[in-house]
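Please read the structure below before turning to the comments.
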Amino acid sequence: MLAADNWCLKVDDKVYGPYTADQLKKFAGEGRLAGWSLVSPAGANRWREAQEEKTFAAMFGKDPAANQDKPKFGKRAGSEDETTLVATANSDQHKGQSNFILIFDVVSAAATRVEAAILSLGPGFRIADNVWTVACEQTAIGVRNAIAPYLLPRESLFIVDATRGRSSWQNYPPEVHAKLTAAWVKTKKAS
């Protein structure tokens, strides 16, 4: 399982990693990572300059707060009618994003722990007790890898990439895993 802070590095169209944020910070100190070096969270679909990622911005003299312009999906718009919600996940600003549905089998005490991990990915909100939606530039596997460190071994997770028709899951018993694999592989082959 990948940790939440795993990153890949792209040099001359070759991808290296995954590395932890600490390893990349060490590379920067050694001169092996520059502000313009392309980095991506493991499992993501986008590459950005290291200096534009809030994790690394301060190392290159950038203000990490300057990159905090993400819209709050599902949050009330401050001055608008109280029934109006800000829902920008499908706007031109978010063309590279996918919409995900996350289904957990977690105890209610875990909700706070998992909520922070989900909202760190991008704009999202809770649909039901153990069902969330989030829009981000990750793949289904990337979302799973970002959330997994916050789950206990007995807590299951099922992720649907509603934009790309993909899925990912973990911590299901072998018989459920086999059924999920059969169902999603058959569906994928049929389309």
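Every value quoted in this text rests on a predicted model; they were computed, and no experiment measured them.
Heavy-atom minimum distance, Gly35 versus Phe60: N-CE2, 3.3 Å. Ala117 approaches Ala146 most closely through the heavy-atom pair CB-O, 4.5 Å. Of all non-hydrogen atoms in Cys8 and Gly17, the two that sit nearest each other are SG-C, 4.4 Å. In this structure, Ala34 and Ala50 approach most closely via the heavy-atom pair O-CB, 3.8 Å. Residues Trp47 and Leu9 share a closest heavy-atom pair of CZ3-C, 3.9 Å. Closest of all the heavy-atom pairs between Phe56 and Ala21 is CE2-O, 3.8 Å.
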- Message: Show, in sequence, the C-alpha distance, side-chain angles and deciding distance for Thr181 and Trp169, and conclude whether the side chain to side chain contact (heavy atoms under 4.5 Å, CB included) test is met.
- Response: CA-CA 10 Å; Thr181 301; Trp169 58 85; 3.4 Å; yes
- Query: Can you check side chain to side chain contact (heavy atoms under 4.5 Å, CB included) on Lys26 and Asp22, steps first, answer last?
  - Reply: CA-CA 6 Å; Lys26 181 180 174 189; Asp22 288 339; over 6 Å; no
- Item | Check against side chain to side chain contact (heavy atoms under 4.5 Å, CB included), Asp161 and Thr139 | CA-CA 7 Å; Asp161 180 339; Thr139 62; 5.7 Å; no
- Take Val39 and Leu33 through the test side chain to side chain contact (heavy atoms under 4.5 Å, CB included) and record every step on the way to the result. CA-CA 10 Å; Val39 297; Leu33 178 73; 4.2 Å; yes
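Thr133 contributes no side-chain N or O that, together with a main-chain N or O of Phe125, makes up a donor-acceptor pair within less than 3.5 Å. Side chain of Glu52 to main chain of Glu49: no donor-acceptor pair is present (N/O by atom type, distance under 3.5 Å, no hydrogens or angles).
The CG atom of Leu38 sits 10.5 Å away from atom CD of Glu53, with the distance rounded to the nearest 0.5 Å. Summarising the geometry, atom CD belonging to Gln97 is positioned 7.5 Å from atom CG belonging to Asn99; distances are rounded to the nearest 0.5 Å. Summarising the geometry, atom CZ belonging to Arg144 is positioned 9.5 Å from atom CG belonging to Asn171; distances are rounded to the nearest 0.5 Å. Atoms CD1 and OG, on Ile147 and Ser120 in that order, are 6.5 Å from each other to the nearest 0.5 Å. In this structure, Phe100 CZ and Leu121 CG are separated by 8.5 Å, a value rounded to the nearest 0.5 Å. In this structure, Trp7 CH2 and Leu24 CG are separated by 8.5 Å, a value rounded to the nearest 0.5 Å.
The side-chain heavy atoms of Val143 and Cys136, taken from C-beta on, include a pair separated by under 4.5 Å. A heavy-atom distance below 4.5 Å is found between the side chains of Gln170 and Leu151. Under the 4.5 Å side-chain criterion, counting only non-hydrogen atoms from C-beta, Ile103 is not in contact with Leu157.
Between Tyr19 and Phe27, the ring-plane angle classifies as perpendicular under the 30° and 60° cut-offs.
For NZ of Lys10, the number of neighbouring non-hydrogen atoms (other residues, nucleotides, ligands) closer than 6.0 Å is greater than 12.
Note on Ile141: it does not cluster hydrophobically with Leu102, by side-chain heavy-atom contacts below 4.5 Å among ILVMFWY residues.
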